[in-house]
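Structure, as structure tokens:
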Protein chains: 2
Amino acid sequence: MTTAERPRLSIGDVSERTGLTRHTLRFYEQEGLFVEPVSRDSAGRRVFTEQEVGWLLVCARLRASGMPLPDIRRYADLVRQGPGTEHERLAILQEHRERVRAQVAELHEALEVIDDKVALYEKRLAEGTADELWRNGPECDNL
Amino acid sequence: MTTAERPRLSIGDVSERTGLTRHTLRFYEQEGLFVEPVSRDSAGRRVFTEQEVGWLLVCARLRASGMPLPDIRRYADLVRQGPGTEHERLAILQEHRERVRAQVAELHEALEVIDDKVALYEKRLAEGTADELWRNGPECDNL
DNA sequence: GGTTGACTTCGAGCCGACTCGAGCTCATAC
DNA sequence: GTATGAGCTCGAGTCGGCTCGAAGTCAACC
């Protein structure tokens, strides 16, 4: 529980550190992705903390893996509500994990198809027999 | 080179066999994803061949792995143009393969984050110490 | 010859997640 | 004191890939 420095980060700082644009950060606030309301300075500008940067980095990973904003919002809501909501938070994470795993599996299947085609083209091109790859050839399984 | 049966498949048949809706199949034709123009019967209805089903299954994999429609169209165009376009076809496939691999890597990174969180929640819930997971705990790295 | 069901075209609508821009307010640097 | 630059709000636009529905055609069965 370090009561250490609380560096006050501007939206620009956070943008740099998270890779999310300023626009996106405002949009995320509006969408309720933050656990606590984002605080403001005297001029009404957003002031972020290191904690929030950390959370945003997590959000970025969740987004990159396809978690919809409503799910992230829900998770953030639960964290805000505090103790007693851990089971549902866990459930959200587990469900998402399954979806991601399924997606990885799907991508691997696609990679198999792609790899086959690449191998075929490379072989034919190396042999100079690319023409045989043409439409009605015996081994021309789907171009 | 089997000159065998040419089963004339309706859009409904193809829909069933590819998992693509009729709407999507028409849309794909319109978008130029087919190598050859789709033929029609006397009443103007689309008639598909086994070859086309095969190609659509490939398309489905490419789409599932995120290849944009314009890229698929380009590939189909090249196949239609025939010999001499193999290098570019190969290039398209290789490029896409790299993107898919990158995506898989990204998903794995996300999975690491998710797995960590899941493990943490499971541990605390099992121990009944979930409360310690609360906000300002020492080990509470980003909720 | 009427009903059914599968097909046709066309254009519009939808979805999620940004992305952008106009017009404004501030604070700091010179 | 004014120019610069970063921030603000709000509403609208974009993008890709479907998705839907209305209105019509056609063949096959009873």
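Because only heavy atoms are used, hydrogens play no part in the values below, and waters and symmetry mates are left out as well, while side chains stay in. Chain naming here is simple, since letters A, B, ... match the order of the sequence lines and numbering starts at 1 in each.
Taking atom CD of A/Glu31 as the reference point, atom P of C/dA17 lies 8 Å away to the nearest angstrom. Rounded to an integer number of Å, the gap from B/Leu62 CG to D/dG17 P is 12 Å. Going from atom CG of B/Asp13 over to atom C1' of C/dA6 covers 11 Å, rounded to whole Å. Look at CD on A/Gln30: it is 14 Å from C1' on C/dG16, rounded to the nearest Å. Taking atom CD1 of residue B/Ile11 and atom C1' of nucleotide D/dC26, one finds them 16 Å apart after rounding to whole Å. We find that CG of A/Asp71 is positioned 14 Å from C1' of C/dA17, with the value rounded to whole Å. For the pair B/Leu25 CG and D/dC20 P, the computed distance is 14 Å after rounding to whole Å. The distance from atom NE2 of A/His23 to atom P of D/dA12 is 16 Å, rounded to the nearest whole Å.
Residue B/Ser10 places at least one side-chain N or O under 4.0 Å from the OP1 or OP2 atom of C/dC7. At least one side-chain nitrogen or oxygen of A/Arg46 sits closer than 4.0 Å to the OP1 or OP2 atom of D/dC8. Listed pair A/Arg40 / D/dT9 meets the phosphate criterion, a side-chain N or O lying under 4.0 Å from OP1 or OP2. OP1 or OP2 of C/dG11 has not a single side-chain nitrogen or oxygen of B/Arg26 nearer than 4.0 Å. Distances shown here put every side-chain N or O of B/Arg22 at or beyond 4.0 Å from the OP1 or OP2 atom of C/dT9. Distances shorter than 4.0 Å separate some side-chain N or O of B/Arg63 from OP1 or OP2 on D/dC18. OP1 or OP2 of C/dC18 sits under 4.0 Å from a side-chain N or O of A/Tyr28. Phosphate proximity of C/dC26 to A/Arg45: absent, as no side-chain N or O sits under 4.0 Å from OP1 or OP2.
Taking the charged nitrogens against the carboxylate oxygens, B/Glu31 and B/Arg74 have no contact shorter than 4.0 Å, which rules out a salt bridge. Taking the charged nitrogens against the carboxylate oxygens, A/Arg8 and A/Asp41 have no contact shorter than 4.0 Å, which rules out a salt bridge.
Here the side chains of A/Phe34 and A/Phe48 are in contact, with some heavy-atom distance below 4.5 Å.
Residues A/Thr49 and A/Glu52 have side chains that bring a donor and an acceptor to within less than 3.5 angstrom of each other.
Mapping A/Phe27 and B/Glu29 onto DNA chain C by nearest heavy atom places B/Glu29 at the nucleotide closer to the 5' end.
Summarising the local packing, CZ of B/Arg101 is surrounded by more than 12 heavy atoms from other residues, nucleotides or ligands at distances under 6.0 Å.
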